[in-house]
Amino acid sequence: MQVTITVNGVEHTRDVEPRMLLVHFIRDELLMRGTHWGCDTSNCGACTLWVDDEPVKSCTMLAVMADGKSITTVEGLAKGGELDPVQQGFMECHGLQCGYCTPGMMMCARALLDRNPHPTEEEIREGISGNICRCTGYKNIVAAIQWAADNPAAAQSEVTA
Amino acid sequence: MQTPAPVDYAKATSVADALAKLQEHGEEARVIAGGHSLLPMMKLRLARPDALIDLNDIPELTGIRIEGTEIVVGAMTRHREILESAILAEHYPIFREAERLIADPIVRNRGTIGGSMCQADPSADLSAVGSALKGSAVVVGPGGTRTVPLREFHQGPYETVVGPGEILTEVRYPIRPGAGSAYEKVERRAGDWGVATSGVYVVVSGGVVTDCGIGLAAVGAEHYCSPEGEAALVGKEPTEENLAAAAAATAESCSPNADQRGPADYKKHLANELTLRALRRAARASQGA
Ligand SMILES: Cc1cc2nc3c(=O)[nH]c(=O)nc-3n(C[C@H](O)[C@H](O)[C@H](O)COP(=O)(O)OP(=O)(O)OC[C@H]3O[C@@H](n4cnc5c(N)ncnc54)[C@H](O)[C@@H]3O)c2cc1C
Ligand code: FES
Ligand code: FES
């Protein structure tokens, strides 16, 4: 079945089997490996990307269901060579160890801050509660997102530019 | 790697189109809503439909509105929209309280009320809410439209009155002026299905409980409700003693199974305690406190 899916602003048309999961379309058809694929059971959130600006677990959506939609992956976070403040925050605060959960964490963090630019610690923890990290214990991830909330400069220069 | 078995797929553009496509693809076709129960089951071969009819692009199936004395929620309304609905927050805080504890924010972006009701998982929170509120379901099929009380909608675990070729289009809840409502759930960790849950509404008028509804999930309550608990409370003053007696009658009426989430006596204990907490809060809210 033919699908046309826009990923990070670029349109891709492919012929796929209806049973193909969106995560495999992104990783194996488009060879974009930023989106990770972890539990495969809708639990870990490593595969999170945005479908029309809403975070979705891409292991639990068929590629054909995304036909005609606009998708943003972790590769789409940085703009014009500038890291998103969320990405910067993960660097500043050591928000990752192995990095497996990181793309999903970042996609949820950015979506959270877009809706709620000044979240409390509890709201941050709630915002990433669909993302499992087996390394960090979450403390530094929460700190990284807080850092991004406190340093929205990169995002602001985007808006004013 | 888990991948569903080969399957046909078609996008429906209206309810009529969905019904026609279901007919066309035959008995083994299934509709897909958020896909957050169906796709995991297809990966595990617990479900193996021949064809999927996608309901995600049918605008008439989404949204929350008031119609006369009822709140109407379209079947494709996502958990997230229910969580954030001002209409539901005003009339029935039970929705917000339940939704905050359903899965996680990412799953809530996709999962729908229709999918949740039709999946009929014994632990489904919205099924408990619907039975507590004594709502109704609108089911449309080749034979026309019928309205089914939610307390008759579920026929058992993973079974509903929705037949092959039919779809659930909306869920309706009667508005009850002055009602208080609340939801309580114990889960093992954030985002998990409940070990036990209880959701209630209570109307207190002239110092007595004139009306109430008690819904339960994950504790083996038939049709996700406890008429026994309700009968124990209606007509009584909302004193701690009377609320406790109703909660005890509720726990008595359900028959939980032991599983990885806990032994049966623990779940019965939770049914009692969570119902009591929900009744207390709902009764207080109904009295404007
Ligand atoms: C990690 C995780 C945690 C979860 N935690 C919870 C939880 O704590 N509490 C809870 O209640 N739920 C929980 N869920 C379930 C979640 O609420 C699901 O989204 C929901 O049960 C199914 O909704 P869906 O829209 O994804 O349905 P789908 O998976 O698309 O469909 C489910 C079934 O319903 C049928 N169906 C769907 N819509 C219709 C319709 N309109 N008419 C007729 N048939 C229809 C489908 O054919 C299918 O058989 C969880 C899910 C996940 C993945
Ligand atoms: S791989 Fe999708 S949620 Fe874990
Ligand atoms: S950094 Fe290893 S899983 Fe989160």
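Sequence lines set the chain letters: A, B, ... in the order given, protein chains first and strands last, and positions in each chain run from 1.
- Residues B:R281 and B:E184 are paired through a salt bridge, judged by an N-O separation under 4.0 Å between the basic side chain and the carboxylate.
- For a residue to count as touching a neighbouring chain, one of its non-hydrogen atoms must lie under 4.5 Å from one of that chain's; by this rule B:I32 touches chain A with the side chain only.
- Interface remark: of the candidates A:M20, A:M107, A:E126, A:E126 forms the most heavy-atom pairs closer than 4.5 Å to chain B.
- For the pair B:E99 and B:R80, the salt-bridge criterion is not met [side-chain N within less than 4.0 Å of a carboxylate O].
- For B:R100, the CZ atom is loosely surrounded, since the number of other residues' heavy atoms within 6.0 Å does not exceed 12.
- When heavy atoms are compared at a cutoff of 4.5 Å, A:I128 does not approach chain B at all.
- A salt bridge between A:R115 and B:E84 is present, with a side-chain N of the basic residue lying under 4.0 Å from a carboxylate O of the acidic one.
- Checked by atom type and distance alone, the side chain of B:E97 pairs as donor or acceptor with a backbone atom of B:Y183 at under 3.5 Å.
- Under the side-chain contact (heavy atoms from CB on, under 4.5 Å) test applied with B:P49, the options B:E27, B:H25, B:E28, B:R30 reduce to a single match, B:R30.
- The part of B:D57 that comes within reach of chain A is its side chain, from C-beta onward, which places non-hydrogen atoms under 4.5 angstrom from that chain.
- Residue B:L44 does not touch chain A at all, counting heavy-atom pairs closer than 4.5 Å.
- Residue B:A103: no heavy atom, backbone or side chain, is found under 4.5 Å from chain A.
- When heavy atoms are compared at a cutoff of 4.5 Å, A:M1 approaches chain B solely by way of its side chain, counted from C-beta outward.
- Of the listed residues A:G104, A:C59, A:G68, the one with more heavy-atom pairs under 4.5 angstrom with chain B than any other is A:C59.
- In this structure, the portion of A:T48 lying under 4.5 Å from any heavy atom of chain B is its side chain and not its backbone.
- Between B:H154 and B:Y224, the angle of the ring planes goes over 60°, which puts this pair in the perpendicular group of the 30/60° scheme.
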